[in-house]
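Here's the structure we're looking at; comments come further down.
Since the model is a prediction, treat every value here as computed from it, not as a measurement.
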Amino acid sequence: MHSVGMYRIRKEIAAIISELMGDKVTAVYDKSESTIPFKSGIAGVNEFLYGSSDPVVVTEHGFNFRIDWTTGQKTGFFIDQRENRKLLSEFTRGRRVLNMFGYTGGFAVYAMKDATLVHSVDSSFSASEMAAENVRLNFGEDNRHVSYQVDAFEYLNEIKEKYDLIILDPPAFAKHNNVLGNALQGYKRLNMKAIEQIRHGGIIFTFSCSQVVSRENFRKSVFAAAANTGRKVKILHQMSQPPDHPVNIYHPESEYLKGLVLYVE
């Protein structure tokens, strides 16, 4: 919950979900501890409002993923990227893949199907461990995949021409308009590092999940990054969120997920 009003009726919402869905829902977990406004004076507590659950294994497009929503970031798995992960699998055959900000390995698992190697990078130790576990769930002990717990920008400084497919799926660089300028510079710097070092004929999947960054502004940041490298770059696909995350035509910020598939000559 992100507002006091919604937080106060959270138990009623849980009861309605249980009533409507019946046996299809075994648990409702409230994760408002870090989202309820600090100035409200309400100390939110993460708790099950209905039922209970241990971590589970779910299936997405034939791949298995272990999800722990009590300790993981947000829901523990970003289902809004599922169609973009599926698209990625069409580009990975025979490629050396770098999965930046890899979290629990969503893109890494899809890449592992046909890639020569997949390296996942995330600053979180628990996320890196979960990424490795999710790869094992689908491919067993496979030395094509390695998880690195390290700062993403530091790692990108020295990759040279090691990879020919790079995924850039960072957390939101801006949640408010007052830091929009810094966020756009961050996207520019991140994409520039990838574009200037990726191998000839490389593919970059690059994303922004910042709702205050418009599709046009994100594209301009990537354009500036490409122009600064002097390399020829083409856009192969423009990506967004799936239909279960609809965009309200009167609320343009609800189109929060933007992505581009780039071909770097």
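The side-chain hydrogen bond (donor to acceptor under 3.5 Å, both in side chains) pairs that include a residue from residues 127-137 are R66-E133, where partners are two or more places apart or lie in different chains. The stretch residues 87-112 participates, sequence neighbours left out, in these side-chain hydrogen bond (donor to acceptor under 3.5 Å, both in side chains) pairs: E60-Y110, H61-Y110. Every pair passing side-chain hydrogen bond (donor to acceptor under 3.5 Å, both in side chains) that includes a residue from residues 196-209 is listed here, sequence neighbours excluded: Y187-S208, N191-T206.
In this structure, the side chains of F107 and D169 come closer than 4.5 Å at one or more pairs of heavy atoms. You'll find the side chain of I167 stays beyond 4.5 Å of the side chain of M100, heavy atoms only. You'll find the side chain of I42 reaches within 4.5 Å of the side chain of Y7, heavy atoms only. Side-chain contact check for F48 versus V28: every heavy-atom pair is 4.5 Å or farther apart.
Remark: D244 engages R82 in a salt bridge, criterion side-chain N to carboxylate O under 4.0 Å. Using a cutoff of 4.0 Å between basic side-chain nitrogens and carboxylate oxygens, K31 and E33 are not scored as salt-bridged.
Here the CD-CD distance, from E83 to Q241, works out to 12.5 Å after rounding to the nearest 0.5 Å. The CG atom of D30 sits 10.5 Å away from atom CE of M6, with the distance rounded to the nearest 0.5 Å. Atom CG in D114 sits 10.5 Å away from atom CG in L88 (nearest 0.5 Å).
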Pairs of donor and acceptor atoms involving the side chains of residues 216-225, under 3.5 Å and at least two apart or interchain, shall be tabulated with distances.
unit_1, atom_1, unit_2, atom_2, d
E216, OE2, K220, NZ, 3.3
N217, ND2, S214, OG, 3.4
R219, NH1, Q238, OE1, 3.3
S221, OG, L184, O, 3.4
S221, OG, N217, O, 3.2

Name each donor-acceptor pair under 3.5 Å that joins a side chain in residues 227-234 to protein atoms two or more places apart or in another chain, with its distance.
unit_1, atom_1, unit_2, atom_2, d
T229, OG1, A226, O, 2.7
T229, OG1, R231, N, 3.2
R231, NH1, I195, O, 2.9
R231, NH1, I198, O, 2.6
R231, NH2, I198, O, 3.4
R231, NH2, E265, O, 3.1
K234, NZ, E265, OE2, 3.3

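In this pair, F207 and F205 present their aromatic rings tilted. The plane angle is within the 30 to 60° band. In this structure, Y163 and H119 have perpendicular ring planes: the angle between them is above 60°, well past the 30° mark.
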* To do: Evaluate side chain to side chain donor-acceptor pair (under 3.5 Å) for Q185 paired with N182, printing each intermediate quantity in order.
  => CA-CA 5 Å; Q185 286 299 313; N182 291 340; over 6 Å; no

* Applying side chain to side chain donor-acceptor pair (under 3.5 Å), run through N64 and T59 and close with a yes or a no. => CA-CA 5 Å; N64 297 318; T59 302; 3.1 Å; yes

* To do: Could you check D164 against I203 for side-chain contact (heavy atoms from CB on, under 4.5 Å), going step by step and ending with a plain yes or no?
  => CA-CA 6 Å; D164 43 27; I203 299 291; over 6 Å; no

* Asked: Does the pair D80 and Y256 meet the rule for a side chain to side chain donor-acceptor pair (under 3.5 Å), with working shown?
  -> CA-CA 11 Å; D80 55 356; Y256 66 95; 2.6 Å; yes

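Applying the salt bridge (charged side-chain N to carboxylate O under 4.0 Å, His left out) criterion to E12, with sequence neighbours excluded, gives no partner residue.
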